Each structure stands twice: as structure tokens, then as C-alpha cells.
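Okay, structure first, notes after.
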2 protein chains.
Amino acid sequence: MSNRSQRLIELMMTVNRKRKFTVKELAEEFNVSRRTILRDLQELSGLGVPLYSEVGPHGGYQVLKERILPPIAFTEEEAVSIFFASHALRHFSSLPFETEISAALKKFYFYMPGDVRDRIDQMKNRFDFISPTRQAKSSYLSLLLEAAVHQKVVHIDYESKSELTSRKIQPIGIYASVGLWYCPSYCFTRDDFRLFRCDKIHSAKLDESVKPIDLTHIHLGNRQAIKEEKHKKADFFVELSREGVQRCESDLSRRFIVNVREDGTGWIEDQIKLSNIPFFAKYFIGLGEDAWVERPPELIENMKQRLAKLLEKYKNNFV
Amino acid sequence: MSNRSQRLIELMMTVNRKRKFTVKELAEEFNVSRRTILRDLQELSGLGVPLYSEVGPHGGYQVLKERILPPIAFTEEEAVSIFFASHALRHFSSLPFETEISAALKKFYFYMPGDVRDRIDQMKNRFDFISPTRQAKSSYLSLLLEAAVHQKVVHIDYESKSELTSRKIQPIGIYASVGLWYCPSYCFTRDDFRLFRCDKIHSAKLDESVKPIDLTHIHLGNRQAIKEEKHKKADFFVELSREGVQRCESDLSRRFIVNVREDGTGWIEDQIKLSNIPFFAKYFIGLGEDAWVERPPELIENMKQRLAKLLEKYKNNFV
DNA sequence: TTAATAGTGACATGATTTGTCACTATTATA
DNA sequence: TATAATAGTGACAAATCATGTCACTATTAA
């Protein structure tokens, strides 16, 4: 390959990687003159790379969104395979990426010689993924996926048991199973993980007002384990004032034995499911200073978060 | 784009299309000298196009299998989409094309800038197609698909109701549904269309000895319609000798009324399902000259085919 | 033997790419 | 307001690359 084509391809990869750069910088990196880089960038621009430049100090070039990759040569078999894999997905209704995939497939098709096109047309009718008849339109898949990837909170209207509720959720991911799309998420309304059916989501938009929680380490691959984790039990100990003992005896006597001392104070020592932490956190916060949770640390952490959140809210309201 | 790169790409498409060509031919087509084309072909070869040449009259160039397409530039979004669509299919066990897809995805990944790779790595765990747990290894998918596309007969060992039978089938196509692969085919053992589960196929190889039937117009999209077609009824009329009447009265009295004339000969006039044609064809062939089928034409056609086949077989055995 | 084919090397010519230089224009900031 | 950092242009010479021509060699089918 000629010196120039080679350089253009490398240049393309470099600008895609840097996103922001100056002509001088590239000239040094590629050991050519500024003039040459300028000419090359003009060429790339002509090839469709979305370049934008600003003069002045701190100016320079930028690649806008919609970058394009350097041209890639696929073998016939690779192209056919990709074509098929993607084509076979067409029955999965409302796939995200739908338009991009179809644009890409058109490119492949365009560069294929006639006989390969024929082969593909033949195979189209002989290879398929049948998805179940139970199939509902799921909008917002892209939005949910985007929110999952970038850790954002989404405000949705959700139809459950035929009533419409409004919730704020932070998606973990989306997946398709027997014809339906699901979105496991953290639900801020229930303060816990919940599984949503995407076709029951009647509206969705990003909600910047709620602060997202850190779900970077939770994804489709490990959320089951984490869920099971939550059914694990943890050692639980709470110290109670006299008032606390009375409240707990009336509210929690069906769950725990409340131990009482001679002076009327007391304690509870038992195990709780991790999944019940949100409930206990709210409850013991409600008891205020009449309860002092000593373990498990997960419960203490949860309470601290709630308290901080509450505090923040009051600050904003009363200042 | 320079004159040369342009020509190289067009040359690539041209050789892929022609498969076989001479240098002189291309030189004329592209209006350049033989020498230039020779140089260009060397370049293409260097780029990975699998060229092969032979000298002498009737010699020339050929492109071997594993052709490569001219390089295609995808946008970032297209690449990511394709990547995902294909990636999400990984749970569909024993997909045909598996190796090719993974090779292609590696190419995409290679040309992606780092931040897009990160994005993909993030999304990998947040987007999926879950396939049902019921999932069995299906080998031979590629072979069956190949047979379907090229109208070939396959000899399989098939496990049905826990017994192993040996069959010759001509696949119509393959499809995946709730975790299993199916292969609707024409079965030469049953002389009818049957649906096979690919995971129950214990061995499969192309069988050149059986002459394939013409299934070019039957594919996944219309085979149901054709099957329903077969449940349609057709007017049926058979003329019977005295011997024929007796045989039919003992064999078919539960299905039809056998009309008898004074001289002992008779006839049956009724309707039959098209799907029963193979059965009746065999039966009336067994009656030899004691039966004369007058309609439906589908039955007559089927009998003619069987007779021709039988005849052919005897010819080969006794000559 | 002949004609058709691929392939090579050398060289002149023409085309393209590159570098240099001298400019203009814009803008942030000291 | 001056200065420095940036993009961008035009002209031209020098360097590199692409092409055609020609004279070859080598192989093979008919």
C-alpha cells in the first residue's frame, strides 16, 4: 500500500482515538509537514470523517459524534455470517440499533458480488430465528440501555396489574427472553431491585433530579448472584430504649423475640435477610434515638444513606 | 481518492464478480496497460485477495474461495450495532457461522478507538438475548443449511421416541425456536414433509445416491401454507376389477363405500386428503391392474413417479 | 511448432505528493 | 492593545510514485 493511503488510515485511527488535536501535533507524530497534515485532514473530511476546527489558542481540530471507522476488509464468509446473524434478528421486535444495523447490512450487500447476493437471497428464506407469538412492542429500549451503560436514572410510567404507576428506576441492563424484553433495575420508589417488562413501560425519560446510585459493578451477568446474596441472612443486633422496647414489642413481636432488661431497656438479637434491609432501615430510623443498630453493617450503611438524603432534602427546602 | 485506489477497489469488485479472467481482458476493461494490471493484481494479492494464475492457452487468473470484499467504512454506531447484534446471539448454542462471526467481530474491535471499546465492554454485560434453559447441542446445522440452499439430500441417524432410525431427508431450512433448532424437510423414508429436531440428529452426511426433489420454491416462509394446502381434499375416483373390489372391500371399507356393479366390478368415488396421497399411491400400485385411478391428478402423478423409480431400480439390478 | 497466456526488468515520461515559504485570518489572554 | 497560538491558502520546486513501452523469459494446450 502506498505511503499515503497507509498514513491516511493511521491518521483516521489516530484522530478517532484523540478526538481533539492540533495540526502541529499530528505533523510531529507522523513526521510530515503541517501542510501535508492539513491536506490529509481535508481528504479525510471529504471521505466523511466529521471534522471541525477552531482557530486561536486552545483551538484545534475535533472529531464530532458519528465518527467513522477506517475501512475494513471482510472475507466473503464473514460478511455472509454477519449478514445472517443480524438478519435473523429481525423478528425480535423493536430491537435497539435497528436502523444502524440495516444501514450496515446495506453496505455489505452493496459490496458483495452478484453470486453472493444470490446465495444470501436463497438463505434468507432458509434460516431464521422464530420468536414466540407472544410479542409486544417495546419502545424505549435504547433509552433504557443508554441509562444502564451511563448510570442514569429514568422516570417511567409503568403498568402493573393494570394500574399505571410512576416510578424512578436505574436500569441494570435489558434482555430479551421468549419474545419479551425485560429491564432489571434498581427502583427508587421501592428502594430495591425489581424486574420490569419493557412493553409495560408506557413512557420513559431521563430524570436528572435523582442522584443515581453506583451500579457499575452490577450487570446482567452477576445480578442473580447479587439477588441471591440478598436472600442471605446477616447477624442483626439492635439496642433499644424503654420506649424502643415497647414499640418493637407491638410492631415486631411476630418476627423477633424482644429481650427486656430489668430497667425496661432491651435488645433484639437475631438474623435478617439482606433483602429486608430497606424495610428495617426505614423502621429504625422511625424509632429515632430509641433504637441503636449495631449490626449488620449493611443495614447501618443503608440507614446512613437515607439519613443523608433526607438531610439534603430538608436543606434545600428550608434555606 | 486517487486514480489508483479507485481502480484497485473497482478491480477488486470486478475480480470477485468474474472469478476467472485474463490480464488482457482487464487491461482493456480498465483502459490501462497489461503491465499496470499485473502490478495491480500483485497488490491485491498482497492485500489478501486469494489469486491464482495459470499460464498457457485457456490459462488466466482465478479467485479462489475465501474471496475478500473491498474495504468498507462503517460509522461508529453501525459497528457497535452489528457488534451487539452478533454478540447477543452467542447463547444460541451451536450457531452456524460461529467462527466467521467471531473473526469479523475481532476485526471491528481492532479498528475501534479505545473509548468505543470501553463502551462495548460496558454494554456487553447489559444487553443480551436469554435463551431458554432447555437447550441442546445441535451439530450439523451448517450441513443442513447448506443442503437446504443447494437442494441436496442428507442421510441422517435420527432419534425418535428413543429409537434410532436412519433416514434420508432433503432439508427446507433451519430455524431456532425457544432454545431448540428445527429442520423441516422432505423425508424420503416417509415420502412426506416432516419436522426434525436438530439435536436429535445423531449423524448427518450428504447422500449423493438419492436424487433430490425440487424444493426451490418451498422455504420457511411458505412451507406452512403448502402443508395446509396438503390438508385440502381432492376428488377421488378409482375404477376396480372384480378382484379389486374384493381387496378394497376388505382393506378400505372403513374409509369408503365401494360401489359394486352387477358384473362384480366396481368403483370408489369420494374425496381424499392430499396428505394421504403417498399412502393411496402405494396401495393402488399394489393392486396392479385391478385398480385404475382416474383422479385426482396429484395421485396419478405420484404413482407415476413411484413406478418410474421402481423401474429404474430394477433396471440397475438386473442388467 | 504455434499461439495464448503469465511474468520480469529497465527506463522514460507523466502524475501526484510533499515540503517550504510567505502569506492571511481569527481569537484567547497577558 | 499587542502577542502568541492556532487554522488555512497559494505557489512552486523537489521528491516520489504510477504508468506505459519494450524486450525479454517461461509454460502449456492444441
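Quick note on labels: first sequence line is chain A, next is B, and so on, each numbered from 1. A quick note: this is a predicted structure, and the numbers were derived from the prediction, not measured.
Within the structure, a side-chain polar atom (N or O) of A:His58 is placed less than 4.0 Å from OP1 or OP2 of C:dT29.
A:Arg167 forms no cation-pi arrangement with A:Phe188, by the criterion of a distance under 6.0 Å to the ring centre and an angle within 45° of the ring axis.
Across the interface with DNA chain D, nearest-nucleotide mapping of A:Lys24 and B:Arg4 shows A:Lys24 to be the residue nearer the 5′ end.
In this structure, the separation between CZ on B:Phe30 and OG1 on B:Thr36 is 12.0 Å, given to the nearest 0.5 Å. Between A:Ser81 atom OG and B:Ile101 atom CD1 the span is 5.5 Å, to the nearest 0.5 Å. Between atom CG of residue A:Leu145 and atom CZ of residue B:Arg126 there is a gap of 9.5 Å, rounded to the nearest 0.5 Å.
Ring geometry for B:Phe127 versus A:Phe97: interplanar angle over 60°, hence perpendicular rather than tilted (30 to 60°).
Atom CZ in A:Phe21 sits roughly 17 Å away from atom C1' in D:dA5 (whole-Å rounding). Whole-Å rounding puts the B:Leu38 CG to C:dT8 C1' distance at 9 Å. Atom CG in B:Leu26 sits roughly 17 Å away from atom C1' in D:dG20 (whole-Å rounding). Rounded to whole Å, atom C1' of D:dC17 lies 14 Å from atom CG of B:Leu8. The nearest whole Å value for the distance from the CD atom in B:Gln6 to the P atom in D:dA18 is 15 Å.
Open room surrounds NZ on A:Lys106; 12 or fewer heavy atoms of other groups in view lie less than 6.0 Å from it.
Against DNA chain C, the stretch residues 40-56 of chain B makes heavy-atom approaches under 4.0 Å through B:Gln42, B:Ser53, B:Glu54, B:Val55, B:Gly56.
When each of B:Lys65, B:Arg67, B:Lys18, B:Arg17 is tested with A:Asp115 by the rule salt bridge (charged side-chain N to carboxylate O under 4.0 Å, His left out), just one qualifies, namely B:Arg67.
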Just the atom pairs and distances: protein N or O near nucleotides 19-21 of chain C's N or O, under 3.5 Å.
unit_1: C:dG19; atom_1: OP2; unit_2: A:Ser33; atom_2: N; d: 2.9
unit_1: C:dG19; atom_1: OP2; unit_2: A:Ser33; atom_2: OG; d: 3.1
unit_1: C:dG19; atom_1: OP2; unit_2: A:Thr36; atom_2: OG1; d: 2.3
unit_1: C:dG19; atom_1: N7; unit_2: A:Arg39; atom_2: NH2; d: 2.7
unit_1: C:dG19; atom_1: O6; unit_2: A:Arg39; atom_2: NH2; d: 3.3

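Taking a cutoff of 4.0 Å between a charged side-chain nitrogen and a carboxylate oxygen, B:Arg7 and B:Glu43 do not qualify as a salt bridge.
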